[in-house]
Visitor: 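Here it is, the structure, as structure tokens.
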Amino acid sequence: MKLRSLIVDDEIHARENLKYLLQNYCPEIEVVGMAGTVENARECVESLAPQVIFLDICMPSGTEGFDFLESI
């Protein structure tokens, strides 16, 4: 059984690199979504129900990853 994951990072290259690494080296993890903002991440969590979130902890919007975790 694969773990459903969500990648949240404001930098597109960081999201794409992590997705590539997970797809090639962690076959037990399925990337079901990616988000570039906290708002998009909330929507993805609600609609995709990921089991794992790879989360950037410092985003330029001033929102910390840990603030996002507390909000969900």
Visitor: Under 4.5 Å between side-chain heavy atoms, counting indirect links through other Ile/Leu/Val/Met/Phe/Trp/Tyr residues: same cluster for Val45 and Ile57 or not?
Guide: yes
Visitor: Should Phe54 and Leu3 be regarded as members of a common hydrophobic cluster, given that ILVMFWY residues are connected when their side-chain heavy atoms come within less than 4.5 Å of each other, either directly or indirectly?
Guide: yes
Visitor: Please set out all donor-acceptor pairs under 3.5 angstrom arising from side-chain atoms of residues 7-15, sequence neighbours excluded.
Guide:
unit_1	atom_1	unit_2	atom_2	d
Asp9	OD1	Glu11	N	2.9
Arg15	NH1	Asp9	O	2.5

Visitor: What pairs with Gln23 under side-chain contact (heavy atoms from CB on, under 4.5 Å), at least two apart in sequence or on another chain?
Guide: Lys19
Visitor: Working to the nearest 0.5 angstrom, can you tell me the gap between Gln51 CD and Leu6 CG?
Guide: 12.0 Å
Visitor: Are the side chains of Val52 and Ile29 in touch, meaning some heavy atoms are under 4.5 Å apart?
Guide: no
Visitor: In this structure, would Val38 and Leu69 fall into the same cluster of hydrophobic residues linked by side-chain contacts under 4.5 Å?
Guide: yes
Visitor: Using modelled atom types only, decide if a donor and an acceptor are shared between the side chain of Ser5 and the backbone of Ile53 within a distance under 3.5 Å.
Guide: no
Visitor: Do side-chain atoms of Asn40 reach the backbone of Gly36 as a donor and acceptor pair under 3.5 angstrom?
Guide: no
Visitor: Please report the shortest heavy-atom distance between Pro50 and Cys44, naming the atom on each side.
Guide: CD-O, 4.1 Å
Visitor: Working to the nearest 0.5 angstrom, can you tell me the gap between Ile72 CD1 and Glu46 CD?
Guide: 9.5 Å
